[in-house]
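Below you'll find the structure, written out as structure tokens, and then a few comments.
Residue numbers start from 1 in every chain, and the chains themselves are labelled A, B, ... in the order their sequence lines are given, proteins ahead of strands. This one's a predicted model, so the numbers in the text were calculated from it and none came from an experiment. Atom set for the values below is all heavy atoms of this structure, side chains included, hydrogens, waters and symmetry mates excluded.
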Amino acid sequence: GESVGLHLPTLSVQEGDNSIINCAYSNSASDYFIWYKQESGKGPQFIIDIRSNMDKRQGQRVTVLLNKTVKHLSLQIAATQPGDSAVYFCAESGNTGGFKTIFGAGTRLFVKA
Amino acid sequence: ETGVTQTPRHLVMGMTNKKSLKCEQHLGHNAMYWYKQSAKKPLELMFVYNFKEQTENNSVPSRFSPECPNSSHLFLHLHTLQPEDSALYLCASARSSSYNEQFFGPGTRLTVL
């Protein structure tokens, strides 16, 4: 069945280093992938997305990489800051009948000062 | 902040109580969603409304009853809940259900005793 999962439940990085958060998905028919950030006490917030016809997309300090061959998605955060500490979710979406978005379990990112 | 507000932020109720969660969006969106977020589990989609019409019921028990009187407001009526229903209930909106970027509210932390 469809599933979106994250490789690691927690990730700890030093302030200023780059962070890489990984995600695996199983539905090869998904055509849209999204990363959300959820800070404590808040709802998830959209970070960046990528369509299945792309393999890389860059935003401000963030880059999403998509490898359709191995069904792998990653989020790279450059020069990680304390404000980046949060839970990060990957999600997939597509024309599965109603454009349902399926979320992964989440990775908690800790940034050490 | 995100343009999506939820009330109350915290709710404690007994199994025989009836309560309602409220969501309001100020973004002019036409799609609204209810999600359940439990500890250590991915976000679970519950209901989707598009232009006030329910388009998705993700096998949610009938003790949860959604209501969407207009595109800006969404309610979740609760009755005879179980302790395992304790969770963070998140509301989200989007331009329409065919748009993948969703804007989330802060959630209602529900505890069922």
Side-chain angles (χ1 to χ4, degrees), chain A residues 1-10 23-27 29-54 57 59 64 66 73 83 86-108, chain B residues 1-10 21 23-25 27 29-51 53-60 74 87-109:
Chain A
E2 300 171 5
S3 67
V4 180
L6 295 170
H7 292 311
L8 297 172
T10 63
C23 178
Y25 65 94
S26 62
N27 184 4
S30 293
D31 60 10
Y32 196 79
F33 301 89
I34 313 114
W35 281 100
Y36 283 88
K37 170 186 180 183
Q38 187 174 20
E39 297 175 89
S40 180
K42 298 182 179 180
Q45 180 183 8
F46 174 91
I47 302 173
I48 191 169
D49 58 14
I50 188 168
R51 297 201 74 92
S52 59
N53 60 355
M54 303 170 66
R57 190 170 186 210
V64 56
L66 176 63
L73 188 70
V87 177
Y88 290 81
F89 297 93
C90 65
E92 63 173 320
S93 181
N95 192 2
T96 56
F99 294 95
K100 286 172 58 175
T101 300
I102 301 172
F103 287 81
T107 293
R108 182 173 295 279
Chain B
E1 298 184 6
T2 64
V4 182
T5 58
Q6 291 186 243
T7 55
R9 294 293 310 275
H10 300 272
L21 310 184
C23 176
E24 183 174 0
Q25 57 95 0
L27 301 169
H29 289 168
N30 294 298
M32 297 189 78
Y33 307 76
W34 279 118
Y35 287 89
K36 176 183 179 181
Q37 187 174 36
S38 306
K40 301 179 182 178
K41 290 179 70 175
L43 261 70
E44 299 174 75
L45 178 67
M46 299 176 72
F47 302 103
V48 180
Y49 279 82
N50 197 39
F51 293 91
E53 297 297 320
Q54 187 181 125
T55 58
E56 186 77 34
N57 177 337
N58 199 23
S59 303
V60 181
L74 184 65
L88 182 68
Y89 287 85
L90 290 160
C91 173
S93 72
R95 287 188 183 181
S96 76
S97 61
S98 59
Y99 280 79
N100 290 287
E101 182 178 354
Q102 297 177 24
F103 294 76
F104 284 82
T108 294
R109 173 69 62 186

field: Partners passing salt bridge (charged side-chain N to carboxylate O under 4.0 Å, His left out) against B:E101 (at least two apart in sequence or in another chain)
entry: none
message: List the residues meeting salt bridge (charged side-chain N to carboxylate O under 4.0 Å, His left out) with B:R9, not counting sequence neighbours, and say none if there are none.
response: none
statement: Bottom line for A:Q45: the part with an atom under 4.5 Å from chain B's heavy atoms is neither
Ignoring hydrogens, what is the shortest heavy-atom contact between [X] and [Y]? Give both atom names and the distance.
X	Y	value
B:Y35	A:T101	OH-CB, 4.2 Å
B:L43	A:P44	CD2-CG, 4.1 Å
A:G104	B:P42	O-CB, 3.6 Å

field: Student check: side-chain heavy atoms of A:F103 and B:Q37 closer than 4.5 Å
entry: no
- request: Please examine the side chains of B:N100 and A:D49, heavy atoms only from C-beta on, and report whether any two atoms are closer than 4.5 Å.
  value: no
Contact origin within [X] toward chain A - heavy atom pairs under 4.5 Å:
X	answer
B:F103	neither
B:N50	neither
B:Q6	neither

